Amino acid sequence: MVDWDREYLSTRGIGVKLPLRSGFGRTDRIDGWWKGPTAMAAYLGIMILYSTWRGMMEADFWIFENFGRSAGYSTMAIESEGSHVLSPLFSPLIIPGQGTFGGPIPEFLWWMSPAMFILIFPAGFRGTCYYYRKAYYRAFFQQPTGCAVSKPWNEYSGETGLLVVQNLHRYFMYIALAYLPILSYDVWLSVNFHDAAHVHHYGISVGTIVLLINVLMLTGYTIGCHAFRHVIGGGSNDWTGTPMSKLKYRMWKVSTKLNEKHKEWALYSLFWVMFTDFYVYACTDPFFGWRDIVLWGGL
Ligand code: FES
């Protein structure tokens, strides 16, 4: 049935009944339609819980006094032989009350974890991402439960009300772009070793490689963003007239290539961010006893 048919019927109060069973999860489908949303709910749920727990671990809450910074040692960065491998959940490092960035933070906020000052931006970027929206609307909100599968509620009002915040995605994308040089700088810091006398050496550790893969994964995810692709390619009528239009065309082609696999970039880059943080955590907490092995150079 085409749209104007539907419109004609609805203007005359004639409802269009789809052949759908009623009752949450009921369907005539015989394939494993529920596996994807269930796996996604588990995956995103674990990632959200882990990042929240890690972010709070480095705060000065009494409930976390046996862990992290609250317990007297930091699990945000590996200080291995003078190199500095910083977890991406805490980069750029803003320690309340300390340093250039943390110094101006008022004392009543000093209980906060460094992650709490920055995670809002990557979380906002992923939370408003076109791919993630599709994923978590289905996985968590059953909106819809699945194609041709009955959902627990009938009403659908689109992305209105509170959900207009999803329109901020483009602005989160601009901030996400700024994170790429910051995280690249962290890779650079991790290859610079300083001994006790402050003599400088270059080196590469496993942590360096883990950070580098993280930047590459996040670059693939961010450059393949629908909003980024639109910003560089949208509104262009000419791909060849000027050097700038040729450059835009090349960038648009790269973005399009990455965009075709945006789902994979979204999911794998999220995993790698969390793994990178876990690597730093495991190398700094005596409970795990991991060591950041230097592969080349160093002290
Ligand atoms: S659409 Fe996924 S990051 Fe922009």
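For ligands, and for the atoms within them, numbers begin at 1 and follow the listed sequence. Remember, predicted model here, so these are calculated numbers, not experimental data.
Between atom 4 (Fe) of ligand 1 and Cys225 there is an N/O/S contact shorter than 2.8 Å. Residue His169: an N/O/S atom is found under 2.8 Å from atom 4 (Fe) of ligand 1.
Atom 3 (S) of ligand 1 has its nearest heavy-atom neighbour, among Arg229, His262, Lys263, His226, in His262.
No more than 12 heavy atoms of other residues, nucleotides or ligands sit less than 6.0 Å from atom CD1 of Ile293.
Residues Arg54 and Thr75 are in side-chain contact: their nearest non-hydrogen atoms beyond the backbone lie under 4.5 Å apart. Side-chain contact check for Ser51 versus Met274: some heavy-atom pair is nearer than 4.5 Å.
For Phe228, no heavy-atom contact with ligand 1 is shorter than 4.0 Å. Looking at Tyr132 against ligand 1, nothing comes within 4.0 Å, counting heavy atoms.
A donor atom on one side chain and an acceptor atom on the other are not found under 3.5 Å apart for Lys246 and Thr240. A side-chain donor-acceptor contact under 3.5 Å links Arg229 and Thr256.
Taking every heavy atom of Tyr130 and a limit of under 4.0 angstrom, the matching atoms of ligand 1 come to 1 (S), 2 (Fe). Contact atoms of ligand 1 toward Cys129: 1 (S), 2 (Fe), 3 (S) (distance under 4.0 Å to a heavy atom of the residue). Close approach to Phe125 involves these atoms of ligand 1, each under 4.0 Å from a residue heavy atom: 3 (S).
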Q.
Between His226 and Tyr130, does the ring-ring contact (aromatic ring centres under 6.0 Å, His included) criterion hold? Intermediate values first, please.
A. CA-CA 8 Å; His226 293 70; Tyr130 300 176; 5.0 Å; yes
